[in-house]
Amino acid sequence: MSTNVSKEKREKLVEKIKAIKTYIATAEQDENTAQLLTYIAEIEKDIKGKKYGLVFEEHRESIDETLETIFPF
């Protein structure tokens, strides 16, 4: 089974965001910290949202080997 690198990176970012949120929550609260928490919540929502894209396999396809033997380079 292949590794989903993008998913792993998103999960690491979410962990870092949680640590930042915890730090901000323990700091002295004012309008700036409230605004920071709002921004961070928006970023976290974007990171956790559904992602679409191409996934490239990490192995060679049989057609690659066939093309190398049939067509001289």
Side-chain angles (χ1 to χ4, degrees):
M1 177 160 230
S2 64
T3 302
N4 187 335
V5 176
S6 295
K7 182 178 179 182
E8 288 178 359
K9 287 181 179 181
R10 285 192 309 270
E11 289 172 354
K12 288 178 182 178
L13 281 173
V14 170
E15 289 175 18
K16 291 176 183 178
I17 288 172
K18 286 180 183 178
I20 292 169
K21 284 172 55 175
T22 302
Y23 178 76
I24 293 172
T26 59
E28 184 177 330
Q29 299 297 305
D30 60 11
E31 61 188 45
N32 291 328
T33 54
Q35 189 65 41
L36 282 173
L37 289 172
T38 301
Y39 290 153
I40 290 173
E42 291 173 6
I43 292 169
E44 188 174 22
K45 181 182 173 187
D46 288 342
I47 291 172
K48 287 182 176 181
K50 190 157 185 104
K51 306 292 181 211
Y52 298 96
L54 298 174
V55 176
F56 295 94
E57 300 293 327
E58 297 180 11
H59 63 277
R60 292 176 51 87
E61 298 286 328
S62 62
I63 189 67
D64 294 326
E65 295 172 16
T66 304
L67 289 174
E68 284 183 0
T69 58
I70 293 176
F71 296 107
F73 289 92

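Note that these values count all heavy atoms, side chains included, but never hydrogens, waters or copies made by symmetry.
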- CD (Glu11) and NZ (Lys48) are apart, to the nearest 0.5 Å, by 10.5 Å
- Is the closest side-chain heavy-atom distance between Lys45 and Glu42 below 4.5 Å? no
- Item | Glu44 side chain vs Tyr39 backbone, donor-acceptor pair below 3.5 Å | no
- Query: Rounded to the nearest 0.5 Å, how far does CD1 of Ile17 lie from CD1 of Ile47?
  - Reply: 3.5 Å
- Message: Using only atom types and a distance under 3.5 Å, with no angle test, would you say the side chain of Asp30 pairs donor to acceptor with the backbone of Thr33?
- Response: yes
- In this structure, CD of Gln35 is separated from CD of Glu31 (nearest 0.5 Å) by 9.0 Å
- Query: Going from CG on Leu36 to CD on Gln29, what distance comes out if it is rounded to the nearest 0.5 angstrom?
  - Reply: 10.0 Å
